[in-house]
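As C-alpha cells, the structure follows; a few thoughts come after it.
Each chain gets a letter, A, B and so on, in the order its sequence line appears, and its residues count up from 1. Bear in mind the structure is a predicted one, so any value in this text is a computation, not a measurement.
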2 protein chains.
Amino acid sequence: MEAHESVLSERKKQILKAIVDAHVAGGEPVGSKVLMQQIACSSATIRNEMAELEEMGYLEQPHTSAGRVPSEMGYRFYVDSLVEHYAMTAREIAQINQALKAKMSELDQILTTASTLASNLTNYTGFALKPRSRALSVSRFEAIYIAPGQFVLVMVADDGSVKTRNVKLDLNCDSASVARLAATLNRYMTGRLADEITLPTMVAMEEAMAEDGALISPVIKIIYETMNESDRGELKVTGVDRLLEYPEYSDASQLKGLLGALEQKNDLMEMISTAAERDPHGVVIGSEASVKEMNNSTVVFKTIVKDGKPIGAIGVIGPLRMDYARVLSTLDGLSGNIADLLGEGAAQLGDGGVTVTDQESEDDNNGRQKGQNGNRG
Amino acid sequence: MEAHESVLSERKKQILKAIVDAHVAGGEPVGSKVLMQQIACSSATIRNEMAELEEMGYLEQPHTSAGRVPSEMGYRFYVDSLVEHYAMTAREIAQINQALKAKMSELDQILTTASTLASNLTNYTGFALKPRSRALSVSRFEAIYIAPGQFVLVMVADDGSVKTRNVKLDLNCDSASVARLAATLNRYMTGRLADEITLPTMVAMEEAMAEDGALISPVIKIIYETMNESDRGELKVTGVDRLLEYPEYSDASQLKGLLGALEQKNDLMEMISTAAERDPHGVVIGSEASVKEMNNSTVVFKTIVKDGKPIGAIGVIGPLRMDYARVLSTLDGLSGNIADLLGEGAAQLGDGGVTVTDQESEDDNNGRQKGQNGNRG
DNA sequence: TTTAGCACTTGAATCAATCGAGTGCTAACC
DNA sequence: GGTTAGCACTCGATTGATTCAAGTGCTAAA
C-alpha cells in the first residue's frame with residue numbers, strides 16, 4: 001500500500017485529495033472546473049491528470065459526460081495516505097464525556113426495551129415517553145466496606161426505592177471510616193434534597209468525620225448525581241428502519257420529516273396528553289395530530305399507569321394504513337407487562353414470590369409493593 | 001362518533017372493513033373486483049356502495065381510475081367500531097416477558113451510548129459490538145437488611161467487579177436471617193460458578209439457614225442470573241435514520257438491504273476481526289467487505305481494548321464518500337473515553353480521584369484500578 | 001509541459017402517445 | 001326498489017423521442 005505514494009506525483013495526490021474532499025462534501029461527481037480553484041493550473045491540465053488517475057484506478061467516471069468520482073482504491077489511498085487529522089471541538093469532547101457517564105435508570109431501560117418490542121412486534125416505529133420526575137431525597141444510608149478506598153453506598157430514598165453505588169476513592173479509607181461515613185450521612189443528610197445541602201452542613205460533616213473528612217465532598221457529589229439522574233424527561237424512538245419498507249415512506253424525505261417532528265418531544269407529549277383525554281384508544285390518525293409532519297401517519301399509544309398516575313407512554317408510529325388490531329393489542333399487552341414490572345401487579349405472585357431489582361431498580365419507581373416474580377424455572 | 005353506526009348499513013360496514021383490511025395488507029387502493037370475493041354481490045353493487053361511502057366521507061379516490069382508499073374518517077370509524085381483537089400468540093407474550101426482564105449491564109449501556117454518540121457526532125449510522133464474555137463466580141457476599149423481606153445483596157466477583165441486587169421476598173426474613181444468609185453464601189458459594197451448584201450443596205445451605213431455608217432457592221436464582229447476564233454477545237445499531245439524507249440511500253431498498261446485512265451479527269464480527277488484523281485504521285471500503293450488501297458502503301470501526309484484550313468495538317457505517325477524517329478522530333476519541341471509563345486510564349486522575357460505578361458497574365469489567373474522575377465541578 | 005478551443009458523449013429533463021385498471025352511468029333484470 | 005351486466009370514460013403510469021447541458025477527450029498552439 002505504501003507503493004502508492006512513490007507512484008503518484010505530488011500534484012496527483014493534491015488532485016485526488018481535492019476530489020475526495022469535494023465529493024464527500026457535495027455528493028456529486030466532481031469536474032475539472034471546480035478543481036481549478038484549488039489546484040493552480042487549468043482545467044485541461046487537470047483533465048489530463050484525472051485521465052491518468054482514472055487509468056491507474058483511483059478514479060471512476062459514472063458516465064462519459066460526468067465528472068470523476070473516487071474509486072474504492074481512491075478512497076483506500078486517501079484513507080491510508082491523505083486524510084488529515086481532524087481535531088474534535090471541546091464541545092464534542094464534553095458531549096462524549098457527559099453522555100458516557102450518564103447512567104440509565106431502570107425505568108429508562110424498561111421503556112427502551114418496550115419501545116423496541118413495540119417496534120419488533122408490530123413492524124412499525126416504536127417509541128417510549130417518560131415525563132420528568134421529581135428529585136428524591138434519601139431517608140437512610142448504608143455503606144459496605146469492600147476494599148481499601150472502595151465501598152458500596154446504599155441509599156433508601158424517601159419513596160421507598162433503593163439505589164446503590166459502587167464507590168472507589170484513592171483516599172485511604174478503611175472499614176471504620178466507611179461505617180463513620182454512613183453514620184454521618186444518616187445524621188446530616190436524611191430527608192434532604194441534595195440541592196439543599198449548604199456549606200455549613202458540609203463543614204459540619206467534615207468535622208464529624210475527623211481525619212476522613214476528605215470523603216465527604218466526593219460522596220456528596222455522588223449522592224447528588226444519583227438522586228437527580230432520574231430527572232430527565234425523555235423520548236426514545238426505535239425501529240425507524242422498519243418504516244422503510246412501506247411505500248408511504250419510500251421517499252426518504254417524507255420519513256425524514258416525520259422523524260424531525262418526533263424530535264420535538266414536547267409536541268409529542270402535548271399531543272399524547274390531549275389525545276389521551278378524548279380518545280379511549282389512544283389513536284391519533286393523520287390530521288388529528290397537531291403536528292403537520294405527522295399528518296400522513298398514525299400514532300397509536302398507550303399510557304403506562306402506576307399507582308393511578310400516568311408515568312409514561314409507549315406507542316408506535318406508522319402509515320395511516322396501520323394494522324390497528326395488532327398494534328392495539330400489542331400495546332395493551334406491553335403496557336400491562338410494564339405495569340406488572342413496576343409493581344402494579346402485586347397480586348400475581350408465583351412460587352416464592354421474589355422480587356429482584358438491580359441497583360438502579362427503583363429509580364423513578366415509587367411506592368412499589370411487589371413486582372414480577374423473580375423465578376424463571 | 002357513535003352516530004356512525006346508526007347511519008351505516010351492515011353491508012356498508014362490511015365493505016368499509018374489507019377495504020381497510022385489504023388496503024392495510026396490500027398498500028394499494030382497492031377496487032370493486034377484489035371485494036367481490038368477500039362481499040356477496042356484484043362489483044357494480046359494490047361500486048354503488050363505495051360511491052355512497054365516498055360521499056359520506058369514509059373513502060377517497062386517489063384519482064378517477066383508481067380504487068378506493070379509506071379516508072382518515074374511514075380509519076377513525078374502523079378503529080372505533082370495526083377493529084377485531086387480535087390475540088397475541090404465546091410466543092409473543094413470552095418474548096415480551098423475557099425482554100422486559102432482562103437487565104442491561106454497564107458495558108452494554110456504555111456501548112449503546114457510544115454507538116449513539118458515534119452516530120450523532122458523525123451523522124452516519126453508529127454501531128457497537130460486544131463479544132460474548134465468560135460467566136463470573138463470586139468471591140465474597142454481603143447482605144444488607146433494608147426492611148422485612150427486603151435486603152441488598154452485594155457480590156464481589158472473581159475479577160474484582162462488584163454487583164448489587166435489591167432483593168424483595170415475600171418471606172418473613174429479618175436482619176438476623178439476612179446476616180446468616182450472607183455467611184452461608186460465603187461458606188458454600190464462593191469461587192463457584194452458579195452453574196456448578198449441585199443439589200446436595202443447596203440442601204446443605206438450606207440446612208445451614210435453618211428456619212430461613214426458604215431463602216436459599218430464590219437467592220441462588222438471583223445470583224445465577226446476575227452472574228450470567230453479561231454473557232450475551234451483542235450488536236447495537238443506532239441512528240439508521242441519519243443515512244436517509246444521503247442520496248446513496250435515497251431508495252429505501254438499498255438501505256433496507258444494508259440493514260438486513262447488519263442483522264447478521266456474526267458476519268460483522270467476522271469482518272471486523274479479520275479487518276482489524278490487516279488494517280491499522282479499521283476501515284472497510286466497499287467491496288473489501290465480505291458481505292455483498294455492504295459493497296456500496298464503508299464501515300469504519302475501532303476496537304475497544306481493555307487490559308490488552310479487545311472487548312468490543314464501536315464504529316459507523318455510511319456511504320463510500322464518508323468524512324473519513326472526522327469519523328476516524330471521533331472513533332478514536334470515543335474509544336479512548338470508553339477505555340478510560342473501563343479502567344484503562346489509571347494514570348489520569350484529577351482532584352480527589354474518585355471512581356463511581358453503579359451496581360452493574362463492573363460487569364464485564366475486570367482488573368480495574370482507577371477510573372475516570374468522579375468530580376464534575 | 002501547459003493551455004485554449006471545439007467536437008463529442010450521455011444522463012437528465014421534457015413532452016407526446018399509448019395502455020390499462022377501475023370507475024360512473026344506463027338499461028335490463030329479479 | 002335493489003341488483004347486475006355492459007360500455008364509454010378518465011387519468012395515472014409507462015414508453016419513446018427530443019432537447020439540454022455538463023463535462024470530457026483531443027488537437028493544436030504557446
In whole angstrom, give the distance that lies between atom CD of B:Gln61 and atom C1' of C:dA21. 12 Å
Which atoms of nucleotides 1-5 of chain D (N or O only) lie under 3.5 Å from a protein N or O atom, and what are those distances?
| unit_1 | atom_1 | unit_2 | atom_2 | d |
| --- | --- | --- | --- | --- |
| D:dT3 | OP1 | B:Arg11 | NH1 | 2.8 |
| D:dT3 | OP2 | B:Arg11 | NH2 | 2.9 |
| D:dT4 | OP2 | B:Ser42 | N | 3.0 |
| D:dT4 | OP2 | B:Ser42 | OG | 3.3 |
| D:dT4 | OP2 | B:Thr45 | OG1 | 2.5 |
| D:dT4 | O5' | B:Ser42 | OG | 3.4 |

Do B:Tyr86 and A:Val327 make a side-chain contact, defined as non-hydrogen atoms from C-beta onward lying under 4.5 Å apart? no
Rounded to whole angstroms, how far apart are CD on B:Glu52 and C1' on C:dG24? 13 Å
What is the separation between atom CE on A:Met50 and atom C1' on D:dG23, rounded to the nearest whole Å? 8 Å
Sugar-phosphate atoms are those with a prime plus P, OP1 and OP2; base atoms are the rest. Using that split, label each nucleotide of nucleotides 8-20 of chain C B, S or - for protein heavy atoms under 4.0 Å, 5' to 3'. -BBS--------B
Hey, are the side chains of A:Val283 and B:Tyr75 touching, using non-hydrogen atoms and a 4.5 Å cut-off? no
Sorted by chain and number, sequence neighbours left out, side chain to side chain contact (heavy atoms under 4.5 Å, CB included) with B:Ala51 holds for B:Arg68
Check whether any side-chain heavy atom of A:Leu331 sits under 4.5 Å from a side-chain heavy atom of A:Thr122, and report yes or no. no
Atom CD of B:Glu54 to atom C1' of C:dT23: distance rounded to whole Å? 10 Å
According to side chain to side chain contact (heavy atoms under 4.5 Å, CB included), who are the partners of B:Asp323, at least two apart in sequence or on a separate chain? A:Val24, B:Tyr124, B:Ala325, B:Arg326
What integer distance in Å separates A:Leu59:CG from D:dG23:C1'? 14 Å
Grab the CD-C1' distance between B:Glu60 and D:dC11 for me, whole Å please. 17 Å
Do the side chains of A:Leu259 and B:Leu244 get nearer than 4.5 Å, heavy atoms only? yes
A:Ser32 has its side chain closest, among D:dT24, C:dG24, C:dT23, to D:dT24
Listed partners of B:Tyr249 passing ring pair (Phe, Tyr, Trp, His ring centres under 6.0 Å), at least two apart: none
Run the side-chain hydrogen bond (donor to acceptor under 3.5 Å, both in side chains) test against B:Glu28 and tell me which residues pass, sequence neighbours left out. none
Rounded off to whole Å, could you give me the CD1-to-C1' distance for the A:Ile19 and D:dT24 pair? 13 Å
Given atom NZ of A:Lys33 and atom C1' of D:dT24, what is their separation to the nearest angstrom? 10 Å
Heavy-atom check, side chain of B:Leu82 versus side chain of B:Val20, under 4.5 Å: no
